[in-house]
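Letters go in sequence order (proteins before strands), and every chain restarts at 1. Here the structure is a predicted model, which is why all the values come from computation and not from measurement.
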2 protein chains.
Amino acid sequence: MVKIEEAIQQKQFKDPFNKAVVNLLYTNSYLVTSQNALFKPYGISPEQYNVLRILRGQNGVPTTVSSIQDRMLNKMSNASRLVEKLKVKGLVKRSECPNDRRQVDVLITEEGLKVLAELQVKVEQGNRNFVNLTIEEVILLNDLLDKLRG
Amino acid sequence: MVKIEEAIQQKQFKDPFNKAVVNLLYTNSYLVTSQNALFKPYGISPEQYNVLRILRGQNGVPTTVSSIQDRMLNKMSNASRLVEKLKVKGLVKRSECPNDRRQVDVLITEEGLKVLAELQVKVEQGNRNFVNLTIEEVILLNDLLDKLRG
DNA sequence: ATACATTATATGTCTATACATTCAATAGAG
DNA sequence: CTCTATTGAATGTATAGACATATAATGTAT
């Protein structure tokens with residue numbers, strides 16, 4: 001086990017709270033790097049994958065761009081541009097919302113569902129491997145993270 | 001406490017391991033967004049702050065770009081360009097390394113030390129506030145994260 | 001000493017985050 | 001209905017992450 005102090009060669013931290021922030025940023029980087037290797041062969045980024053998952057969760061009901069935004073892991077990201085990228089790849093369809101012409105209905109395509117299903121198997125297996133904890137530890141970790149954001 | 005399921009409106013996860021990965025990515029976004037608000041008034045990004053901290057840790061001994069890279073929170077980042085940004089702001093100095101002219105010695109300036117000291121007070125206080133855990137919980141979290149990366 | 005491999009850094013390009021601004025459509029007040 | 005405010009989406013711009021490639025300096029084999 002490589003402690004955060006060794007990993008980034010920092011001898012000490014102000015307090016365990018500041019250490020935890022650095023540890024979370026560093027662990028995030030570890031996870032993102034690990035996940036990127038999985039996504040690379042598919043030409044889809046983790047963020048685009050996440051948008052596809054959100055759309056599939058709708059079970060065929062179209063979703064607006066702002067609704068996607070609300071459900072993204074990174075609220076500060078840009079759903080509009082991610083949807084555009086996915087549209088170019090033929091994985092989603094975009095159409096003007098009839099009730100409110102400001103809004104845009106986004107729907108995952110058959111091709112999008114196919115790509116998502118294939119990717120999901122790899123990602124879910126990968127994620128299990130990246131997290132080197134017991135089931136008890138990982139449940140505890142989830143509780144701590146939920147509380148942390150308090 | 002807002003559980004991750006509510007936060008991103010996802011009803012369930014494949015297993016606690018996959019939930020933990022999503023929870024970590026989401027919590028990272030929460031922390032980065034919180035920190036950005038602190039950094040904004042100083043015109044320095046969290047990544048640039050981190051490079052300044054690494055340089056100060058050298059206590060006046062110059063550091064090469066690759067050594068900075070190794071100690072960054074995000075190993076895939078680009079130390080060369082971050083150093084260039086800091087140089088433009090007058091916070092670091094760059095000079096050719098005499099022993100090996102491929103290398104570049106990087107040194108934090110007086111101005112860099114001053115800005116860093118000022119920022120650090122805010123960041124350390126902020127980090128304590130962002131992490132809504134008891135001291136026992138935060139120590140446990142650090143242990144879990146170190147083990148997770150296994 | 002020359003040729004070739006390796007190393008340190010810089011640069012190019014694409015994607016995404018962060019955040020401000022624009023623009024069209026709609027809602028609401030009078 | 002008209003004027004104004006608000007909303008939803010798109011766009012502009014800067015910074016950074018991801019990764020390939022370029023360039024120069026150094027090391028090494030012959």
Could you pull out the closest heavy-atom pair between [X] and [Y], with the gap in Å?
{"X": "Phe130(B)", "Y": "Leu31(B)", "value": "CB-CD2, 4.0 Å"}
{"X": "Asn78(B)", "Y": "Gln69(B)", "value": "N-NE2, 4.0 Å"}
{"X": "Arg53(B)", "Y": "Asn50(B)", "value": "NH2-OD1, 2.8 Å"}
{"X": "Leu55(B)", "Y": "Val92(B)", "value": "CD1-CG1, 3.5 Å"}

Inset, instruction - For the pair Glu5(A) and Lys19(A), find out whether any cationic side-chain nitrogen is under 4.0 Å from an anionic carboxylate oxygen. - result: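 The answer is yes: the pair qualifies as a salt bridge.
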Legend entry - Under 4.0 Å protein heavy-atom contact, by nucleotide of nucleotides 1-12 of chain C - B base, S sugar-phosphate only: ------BSSBBB
Inset, instruction - Look at the side-chain heavy atoms of Ile, Leu, Val, Met, Phe, Trp and Tyr, link any pair under 4.5 Å apart, and say whether Leu133(A) and Met1(A) land in one connected group. - result: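 Not linked; separate clusters.
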Legend entry - Common cluster, Val51(A)/Tyr42(A), ILVMFWY with side-chain heavy-atom separation under 4.5 Å: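 Yes, same cluster.
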Inset, instruction - Would you mind pulling out the nucleotide paired to dT30(D), Watson-Crick or G-U wobble, both distances under 3.5 Å? - result: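 Partner of dT30(D): dA1(C).
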Starting at [atom1] of [X] and ending at [atom2] of [N], how long is that distance when rounded to a whole Å?
{"X": "Ile68(B)", "N": "dA16(D)", "atom1": "CD1", "atom2": "P", "value": "14 Å"}
{"X": "Leu82(B)", "N": "dA18(D)", "atom1": "CG", "atom2": "P", "value": "12 Å"}
{"X": "Glu84(A)", "N": "dA16(C)", "atom1": "CD", "atom2": "P", "value": "12 Å"}
{"X": "Asn74(A)", "N": "dT15(C)", "atom1": "CG", "atom2": "C1'", "value": "13 Å"}
{"X": "Met76(B)", "N": "dA20(D)", "atom1": "CE", "atom2": "P", "value": "10 Å"}
{"X": "Gln35(B)", "N": "dA18(C)", "atom1": "CD", "atom2": "C1'", "value": "15 Å"}
{"X": "Gln69(A)", "N": "dA16(C)", "atom1": "CD", "atom2": "P", "value": "13 Å"}
{"X": "Arg101(A)", "N": "dA27(C)", "atom1": "CZ", "atom2": "P", "value": "12 Å"}

Inset, instruction - Assign each of Asn99(B) and Lys75(B) to its nearest nucleotide of DNA chain D by heavy atoms, then name whichever residue's nucleotide is nearer the 5' end. - result: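 Whichever sits nearer the 5' end wins; that is Lys75(B).
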Legend entry - Interface with DNA chain D, restricted to residues 36-59 of chain A and to heavy atoms under 4.0 Å: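 Asn36(A), Lys40(A) - these, ordered by number, are the residues of the stretch whose heavy atoms sit under 4.0 Å from the strand.
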Inset, instruction - Report yes or no: does Asp105(A) contribute a side-chain atom to a donor-acceptor pair with the main-chain N or O of Glu96(A) at less than 3.5 Å? - result: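 No, the answer is negative, given that no donor and acceptor are paired below the 3.5 Å cut-off.
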Legend entry - CG-CD distance between Leu38(A) and Glu124(A), expressed to the nearest 0.5 angstrom: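 So the gap between those two atoms works out to 11.5 Å.
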